[in-house]
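Structure first, commentary second.
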Amino acid sequence: MRSQGMEAYNIKDYTTAESLLNVVLETCVWDAEIREVRAECYINQGEPGKAISDLKAASKLRSDNTAAFYKVSRIYYQLGDHEMSLSEIRECLKLDPDHKDCFSHYKQVKKLNKQIQTAEEFIQEGRYEDAIGKYGSVLKTEPNVPAYAALVQERLCHCYSKNQQPTEAIRECSEFLQREPNNVNVLKDRAEAYIQEEMYEEAIRDYETAQQSSENDKQIREGLEKAQRLLKQSQKRDYYKILGVKRNAKKQEIIKAYRKLAQQWHPDNFQDAEEKKRAEKKFIDIASAKEVLTDPEKRSRFDAGEDPLDPESQQGGGGSHFHRGWNQWQGFDPFGSTGPFNFKFHFN
């Protein structure tokens with residue numbers, strides 16, 4: 001039976017060889033050579049987990065089995081488990097520090113492992129630009145193993161989303177999801193990027209898809225609720241659109257846009273009664289937008305899908321009711337005491 005199994009293995013009939021070697025190992029449990037051959041059969045049949053199990057057993061059955069450690073490390077590496085690969089290759093070097101193949105592989109895995117660890121540390125620190133650059137280095141170190149290409153794309157998707165780069169995030173996330181359409185983390189990251197792009201319906205779809213695989217995920221539930229609120233809000237008054245600024249606009253950009261529009265739409269610029277009435281409404285909207293978007297607390301509430309100036313959206317009935325009529329804005333200098341304009345209002 002042993003010779004028949006080896007013969008089948010030599011002619012690359014791995015399925016037959018595995019079946020025959022299974023029978024041999026029922027009686028020769030401690031045969032390291034047969035386990036190594038069966039591991040090769042498993043590898044060629046696409047069953048790396050079983051191969052690892054046999055090779056680890058073989059490494060214990062023969063005290064100097066550097067080849068088994070090397071093969072296990074290589075399998076882990078191809079699977080994308082760089083940490084386990086590094087651990088196994090170190091065992092090989094403990095047995096033989098001068099082992100050429102083990103040392104060469106050790107240098108490669110150690111470098112890759114360090115780059116990935118550093119990139120993840122950058123992410124934990126919120127240094128997303130640095131993490132993006134470091135993951136680019138990972139691809140240069142190992143451009144040929146699909147598992148690492150997938151890892152890099154998944155993490156780039158996350159970094160771009162967190163770094164407020166929605167276009168890049170959506171691109172990377174979408175490409176990854178073509179391979180793994182139900183990856184919960186990537187769906188969440190793309191949903192966040194969709195929100196940044198004000199694509200609320202798409203964000204809702206991603207959160208709902210993610211929720212099917214992870215029903216109790218608090219982050220998904222909160223993200224879905226936020227996207228639904230923002231979709232509803234987008235159908236009403238959008239302070240960012242009123243001022244013509246992006247959702248990630250800095251306070252200085254908001255004030256600049258506000259001053260330009262306040263000058264353009266100040267009612268004193270209009271003589272016709274209908275035009276003046278329209279300008280009054282526009283001016284109030286502009287002032288309201290500035291009020292919300294330059295106040296961190298109100299802006300945060302608005303970004304979460306609540307209009308802090310709308311009495312109907314106030315939770316618990318608190319908060320300021322900011323919807324003022326035009327008369328309440330009379331005497332208001334939109335440019336501040338240091339601004340170049342000083343309008344005087346003449347209304348009865």
Side-chain angles (χ1 to χ4, degrees), residues 163-167 192-203 226-348:
N163 203 43
Q164 300 287 309
Q165 294 177 261
T167 302
E192 286 187 28
Y194 277 142
I195 286 176
Q196 293 166 27
E197 286 287 74
E198 301 178 20
M199 300 169 68
Y200 306 123
E201 292 179 356
E202 290 83 350
K226 176 181 177 180
Q228 290 169 336
R229 287 197 305 270
L230 288 170
L231 176 61
K232 184 178 179 181
Q233 182 189 87
S234 70
Q235 297 163 348
K236 297 180 180 179
R237 184 161 67 165
D238 188 328
Y239 295 122
Y240 290 102
K241 287 184 178 179
I242 289 172
L243 295 184
V245 297
K246 291 184 176 293
R247 281 191 167 264
N248 60 355
K250 305 295 183 186
K251 184 174 181 179
Q252 187 177 0
E253 298 175 65
I254 292 168
I255 292 174
K256 181 179 179 181
Y258 159 72
R259 287 177 173 171
K260 180 179 179 181
L261 290 170
Q263 178 187 7
Q264 177 184 347
W265 288 99
H266 198 285
D268 278 359
N269 295 336
F270 300 87
Q271 302 303 318
D272 180 80
E274 286 300 318
E275 289 183 353
K276 188 181 289 291
K277 186 176 181 180
R278 175 168 167 262
E280 288 174 4
K281 183 181 183 305
K282 188 80 173 178
F283 186 86
I284 291 171
D285 285 343
I286 293 165
S288 297
K290 182 256 186 184
E291 175 77 10
V292 170
L293 299 184
T294 57
D295 182 303
E297 189 268 335
K298 289 179 181 176
R299 183 176 181 178
S300 177
R301 286 163 58 193
F302 184 75
D303 287 343
E306 175 190 349
D307 186 345
L309 307 188
D310 183 0
E312 293 183 3
S313 73
Q314 300 294 324
Q315 297 181 357
S320 61
H321 294 209
F322 189 75
H323 287 280
R324 307 172 184 173
W326 169 244
N327 289 338
Q328 290 174 277
W329 287 107
Q330 293 187 41
F332 172 65
D333 177 4
F335 302 97
S337 59
T338 58
F341 303 93
N342 187 16
F343 295 97
K344 295 181 180 178
F345 308 145
H346 304 285
F347 294 101
N348 294 325

Name all residues meeting the side-chain hydrogen bond (donor to acceptor under 3.5 Å, both in side chains) criterion together with Arg299; count only those two or more places apart in sequence or in a different chain, and write none if there are none.
Tyr240
In the structure I gave you, are the side-chain heavy atoms of Ile242 and Tyr258 within less than 4.5 Å of one another anywhere?
no
Evaluate whether atom CD of Glu297 has more than 12 neighbouring non-hydrogen atoms of other residues, nucleotides or ligands under 6.0 angstrom away.
yes
Testing the basics here: between Leu230 and Asp303, what is the closest heavy-atom pair and its distance to 0.1 Å?
CD2-O, 3.6 Å
May I ask you to decide if Glu306's main-chain N or O and Arg229's side chain share a donor-acceptor pair within less than 3.5 Å?
no
Nearest-0.5 Å distance, NZ of residue Lys250 to CG of residue Leu293
14.0 Å
Please walk me through it: do Glu198 and Lys241 pass side-chain contact (heavy atoms from CB on, under 4.5 Å)?
CA-CA 11 Å; Glu198 301 178 20; Lys241 287 184 178 179; 3.4 Å; yes
Of the non-hydrogen atoms in Pro308 and Lys298, which two are nearest, and what is the gap between them?
CG-O, 3.6 Å
Could you go step by step and tell me if Ile286 and Gln264 meet the side-chain contact (heavy atoms from CB on, under 4.5 Å) rule?
CA-CA 11 Å; Ile286 293 165; Gln264 177 184 347; over 6 Å; no
Output for pair (Asn163 CG, Gln196 CD), nearest 0.5 Å, gives 9.0 Å
Note: Ala262 and Phe283 closest approach over all heavy atoms is O-CE1, 3.8 Å
Crowded around Gln164 CD? As in, over 12 foreign heavy atoms under 6.0 Å?
yes
Salt bridge (charged side-chain N to carboxylate O under 4.0 Å, His left out) against Lys281, all qualifying residues, sequence neighbours excluded:
Asp285
Please check if the side chain of Ser300 supplies one atom and the backbone of Pro296 the other of a donor-acceptor pair under 3.5 Å.
no
Of the non-hydrogen atoms in Arg247 and Ile195, which two are nearest, and what is the gap between them?
CD-O, 4.4 Å
To the closest 0.5 Å, what do you measure between CG (Asp307) and NZ (Lys232)?
11.5 Å
Please report the closest heavy-atom contact between Ala249 and Ile254, naming both atoms and the distance.
O-CD1, 4.0 Å
Salt bridge check, Lys276 against Glu280: does any charged N sit closer than 4.0 Å to a carboxylate O?
no
NZ on Lys282 to CD on Glu275, rounded to 0.5 Å:
14.0 Å
Closest contact, heavy atoms only, Tyr239 versus Ala289
CD2-CA, 3.4 Å
